[in-house]
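Worksheet for the structure shown next.
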Amino acid sequence: MKSFITALQFLTRIHIKNQTDLTAEDFGRSTKFFPFVGLILGTIYMLAAWCLIAVFGWANLVTTLLIILPILLTGGLMLDGFMDTVDGVFSGRERERVLEIMKDSRVGSFGVIALACLLLVNWTALRDVKLVLIMTALFVMPIIGRMAMVMAIAFFPYARKEGMGKIFADMADKKTVMLAVFTTLAGVIPWGQAAIAALFVGLAFAWCTAKWLSGKLGGLTGDTYGAIETLTETVVLLVFWLTSWIPGGLHILWR
């Protein structure tokens with residue numbers, strides 16, 4: 001229970017209790033609960049969408065609120081990592097300088113522009129998803145995103161000698177991966193073939209991105225974990241968007 005609460009309060013702004021005695025090991029053990037935190041977030045997103053659509057219909061305002069909701073619930077933690085990663089990777093500098101830029105608390109122009117573009121893509125993709133798939137997309141999106149983060153943590157080396165992300169990387173053993181996979185499959189598979197397609201495409205994208213970043217940086221960092229999670233969620237939305245609009249997509253990929 002302690003590890004689950006640690007994961008929940010680290011990845012979200014949902015506060016259950018004060019934890020004043022946490023150790024590095026406590027944070028490391030919490031990794032296995034990341035997809036379960038995604039399941040909780042997905043439930044909140046889905047219920048919020050249901051309430052908003054019931055009141056306002058599937059309107060632009062509702063789409064905007066559903067894009068803002070994850071930022072409020074997570075405190076923009078993953079987006080911060082995404083912006084820092086973009087600032088560093090696209091700076092055109094050497095590896096050591098890239099890592100320094102990513103560690104800088106200030107956000108650069110690349111990061112701001114990238115965030116604006118990402119939110120526009122998310123808004124457009126979500127707005128054009130067929131109404132029948134909205135609940136499914138919002139529910140599985142954070143689960144798959146956080147499974148992608150567990151995969152990056154467990155299977156790729158850490159780029160720095162020390163750092164918050166290294167705590168997670170050092171503690172991500174087989175048990176962590178197995179529990180994360182079980183939670184992800186249990187949360188995604190019951191939603192049908194569109195969700196399963198999003199899972200495979202999202203994780204394949206996350207693996208390729210992690211491999212590319214690891215090759216460029218000599219490993220991954222906490223910021224790149226956030227970037228991988230964020231981009232994977234966008235890929236999941238795009239899969240549902242394609243499912244909604246390709247000929248026969250709903251018939252083939254959704255039941």
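- Asn122 and Thr234 are linked by a side-chain donor-acceptor pair at a separation below 3.5 angstrom, with hydrogens and angles left out of the test.
- Panel note: side chain Thr63, backbone Trp123; no donor-acceptor pair is recorded below 3.5 Å.
- Remark: the backbone N or O of Val98 is not paired with any side-chain donor or acceptor of Arg93 at under 3.5 angstrom.
- Rounding to the nearest 0.5 Å places NZ of Lys32 at 10.5 Å from OG1 of Thr183.
- A distance of 6.0 Å separates CD1 of Ile16 from CD of Gln9, quoted to the nearest 0.5 Å.
- Salt bridge Glu233/Arg146: present, at least one basic N to carboxylate O contact under 4.0 Å.
- Put simply, the side chain of Val236 does not reach to within 4.5 Å of the side chain of Leu199, judged on heavy atoms.
- Tested against Thr74 for a side chain to side chain contact (heavy atoms under 4.5 Å, CB included), the candidates Thr230, Leu41, Ile14, Leu11 yield a single pass: Leu41.
- Distance alone, capped at 3.5 Å, is enough to place a donor-acceptor pair between the Arg160 side chain and the Leu99 backbone.
- For Gly108 against Asp87, the heavy-atom pair with the smallest separation is N-OD2, 2.7 Å.
- No side-chain heavy atom of Leu69 sits less than 4.5 Å from a side-chain heavy atom of Leu65.
- Both Trp50 and Ile67 sit in one connected hydrophobic cluster of ILVMFWY residues. Membership requires side-chain heavy atoms under 4.5 Å apart, directly or through other members.
- Relative to the ring axis of Trp58, Arg127 places its NZ or CZ within 45° and under 6.0 Å from the centre.
- The shortest distance between side-chain heavy atoms of Leu39 and Phe139 falls below 4.5 Å.
- The minimum heavy-atom distance linking Tyr158 with Ala169 is given by the pair CB-CB, 4.3 Å.
- Residues Leu120 and Leu238 fall into different hydrophobic clusters, defined by Ile, Leu, Val, Met, Phe, Trp and Tyr side chains chained together at heavy-atom separations under 4.5 Å.
- Leu217 places a side-chain heavy atom less than 4.5 Å from the side chain of Met102.
- Donor-acceptor pairing under 3.5 Å is recorded for the side chains of Asp173 and Thr176.
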Go through the steps to decide whether Phe34 and Tyr225 satisfy the test side chain to side chain contact (heavy atoms under 4.5 Å, CB included), and finish with yes or no. CA-CA 12 Å; Phe34 282 7; Tyr225 296 155; over 6 Å; no

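- Nearest heavy atoms, Leu138 versus Ala49: CD1-CB, 3.5 Å.
- Pairing each heavy atom of Ala148 with each of Ala206, the nearest pair is CB-CB, 3.5 Å.
- Classified by interplanar angle (parallel below 30°, tilted 30° to 60°, perpendicular above 60°), the ring pair Phe33/Phe4 is perpendicular.
- Rounding to the nearest 0.5 Å gives a distance of 11.5 Å between CE of Met78 and OG1 of Thr85.
- Distance check, rounded to the nearest 0.5 Å: OG1 of Thr184 to CG of Leu179 gives 9.0 Å.
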How far apart are the C-alpha atoms of Trp207 and Leu203, what are their side-chain angles, what is the distance that settles it, and do they pass the side chain to side chain contact (heavy atoms under 4.5 Å, CB included) test? CA-CA 6 Å; Trp207 183 272; Leu203 293 185; over 6 Å; no

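- Under the 4.5 Å side-chain heavy-atom criterion for ILVMFWY residues, a single connected hydrophobic cluster contains both Val89 and Val107.
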Between Ile228 and Met149, does a side chain to side chain contact (heavy atoms under 4.5 Å, CB included) hold up when you go through it step by step? CA-CA 6 Å; Ile228 289 167; Met149 188 161 57; 5.9 Å; no

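- Atom-to-atom distance recorded for Leu231:CG and Leu118:CG is 6.5 Å, nearest 0.5 angstrom.
- In the hydrophobic clustering (ILVMFWY side chains linked at under 4.5 Å, chained through shared members), Met178 stands by itself.
- Contact between Ala195 and Val140 at its shortest, heavy atoms only, is CB-CG1, 4.1 Å.
- Put simply, Val129 and Ile68 are part of two different groups of oily side chains (I, L, V, M, F, W, Y) that touch within less than 4.5 Å, one to the next.
- Shown here for Ala210 and Phe156, the closest heavy-atom pair between the two residues is CB-CE1, 3.6 Å.
- Within the 4.5 Å cutoff, no side-chain heavy atoms of Phe10 are placed close to those of Ser30.
- Using a cutoff of 4.0 Å between basic side-chain nitrogens and carboxylate oxygens, Lys103 and Glu100 are not scored as salt-bridged.
- A continuous path of Ile, Leu, Val, Met, Phe, Trp and Tyr side chains, each step under 4.5 Å between heavy atoms, connects Leu52 with Ile71, placing both in one hydrophobic cluster.
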Side chain to side chain contact (heavy atoms under 4.5 Å, CB included), that's the test. Do Trp241 and Thr124 meet it? Break it down for me. CA-CA 9 Å; Trp241 174 77; Thr124 303; 5.8 Å; no

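- If you take CG on Asp80 and CG on Leu115, they are separated by 10.0 Å, rounding to the nearest 0.5 Å.
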